[in-house]
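All ligand and atom numbering here is 1-based and tracks the order in the structure. Computed from heavy atoms alone, side chains included, the values below leave out hydrogens, waters and symmetry copies.
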Amino acid sequence: MEQIVIISGSQANALAQQVASQLGIPHYPSTIRYFPDGELYLRLPTDVKGKKIILFESFARRPNDALVETVFLSETLHERGAGEVILVAPYLPYLRQDSEFNPGEIVSAKMLSTMLSKAGIDALVTVDPHLHRFKDLSELFKMKTLKVSAMPLLAEYFYNYHREALVVAPDEEAEQWAKLFSGKINAPYIVLEKHRFGDTEVEISGSIPKGTTAVIVDDIISTGGTIVEAAEKLKEHGFTSIHVCVTHALLVQDAEAKIFQAGVESLIATDTVINPYMRVSVAKIIGDALERLMSHVGNRA
Ligand code: R5P
């Protein structure tokens, strides 16, 4: 029978190891370092001929470097005789630029898809991808894709501490997360409207009922601008206990400080990105997704 192994890129080793233990398969971290001029040095950690490879990559911190790693690794895996290459990207980058908003802009989401296809990725597994104008990964990617959501896990965790809360989607695209989350804890949800004026400036509006406890749910926290604005609006409407549940806590620049200064009481995140608020692990749902994928996909997806 074809052997299955996990090979991880930089930054993804911990999660990759947990998934490997769940599936009972070997995990080999790649050797990765940077030359003094910034070029990447990569070395495969094991012989891959005839093996099915689960390539684990974290795109959270240096997405461009991780993309080069992925392309170099995937192409080399095929060149050295590997079978199917399944990419596990717990956080999938570049999906927010999913349209030519201004003339001449590159649609990065499409570029990501092209690069992964050309690099020979046969299947893709990810957690809570930012799908907005593309409604499903299959509209964007040619290879077989499987997405799983951390929202039910985040909701279960939250429910252990708070039995009643208003679930708040800070923008239109977050409605999908709010729906899932509120369904799990049997709570009402509202969807606010967001206008973005720049990388860090957003304005949030919408009708908010009176209440005391709210949980803002979103897929990504980057600069924290969205959460800060949503929290401010909730405070204006009398909410005194404001929490945040998020799948990918990128928390760039001073996001963390801004969020707590805005009065957020707790931040609950997953481990798709290494961060100080990892309360929920996605290892099990990724492992289960891989088992499903491998039982359905015979050969190349
Ligand atoms: C975009 O709509 C995403 O779902 C997030 O709301 C966004 O990426 C958060 O960015 P920031 O934390 O910089 O406001």
Student: Would you list the pairs meeting salt bridge (Lys or Arg N to Asp or Glu O under 4.0 Å) in which at least one residue belongs to residues 91-100, sequence neighbours left out?
Tutor: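 Those involving residues 91-100 are Asp98-Arg133.
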Student: Give a yes-or-no answer on whether the side chains of Asp288 and Gln22 include a donor-acceptor pair shorter than 3.5 Å.
Tutor: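 A pair is found: one side chain offers a donor N or O, the other an acceptor, under 3.5 Å apart.
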Student: Under the salt bridge (Lys or Arg N to Asp or Glu O under 4.0 Å) rule, what pairs show up with a residue in residues 187-201, not counting sequence neighbours?
Tutor: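 Non-adjacent pairs meeting salt bridge (Lys or Arg N to Asp or Glu O under 4.0 Å): Asp171-Lys194.
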Student: Heavy-atom contacts with ligand 1 below 4.0 Å: which residues, ordered by chain and residue number?
Tutor: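 Near ligand 1, by chain and number: Arg96, His130, Asp171, Glu173, Lys194, Arg196, Asp218, Asp219, Ile220, Ile221, Ser222, Thr223, Gly224, Gly225, Thr226.
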Student: Would you call Leu15 and Ser281 a side-chain contact if the rule is heavy atoms closer than 4.5 Å?
Tutor: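 Touching, per the 4.5 Å side-chain cut-off.
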Student: Angle class for the His132/His130 ring planes (parallel below 30°, perpendicular above 60°, tilted otherwise)?
Tutor: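 His132 and His130: perpendicular rings.
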Student: Sequence neighbours left out, what pairs pass side chain to side chain donor-acceptor pair (under 3.5 Å) with at least one residue falling in residues 35-50?
Tutor: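 Counting only pairs at least two positions apart or across chains, no side chain to side chain donor-acceptor pair (under 3.5 Å) contact touches residues 35-50.
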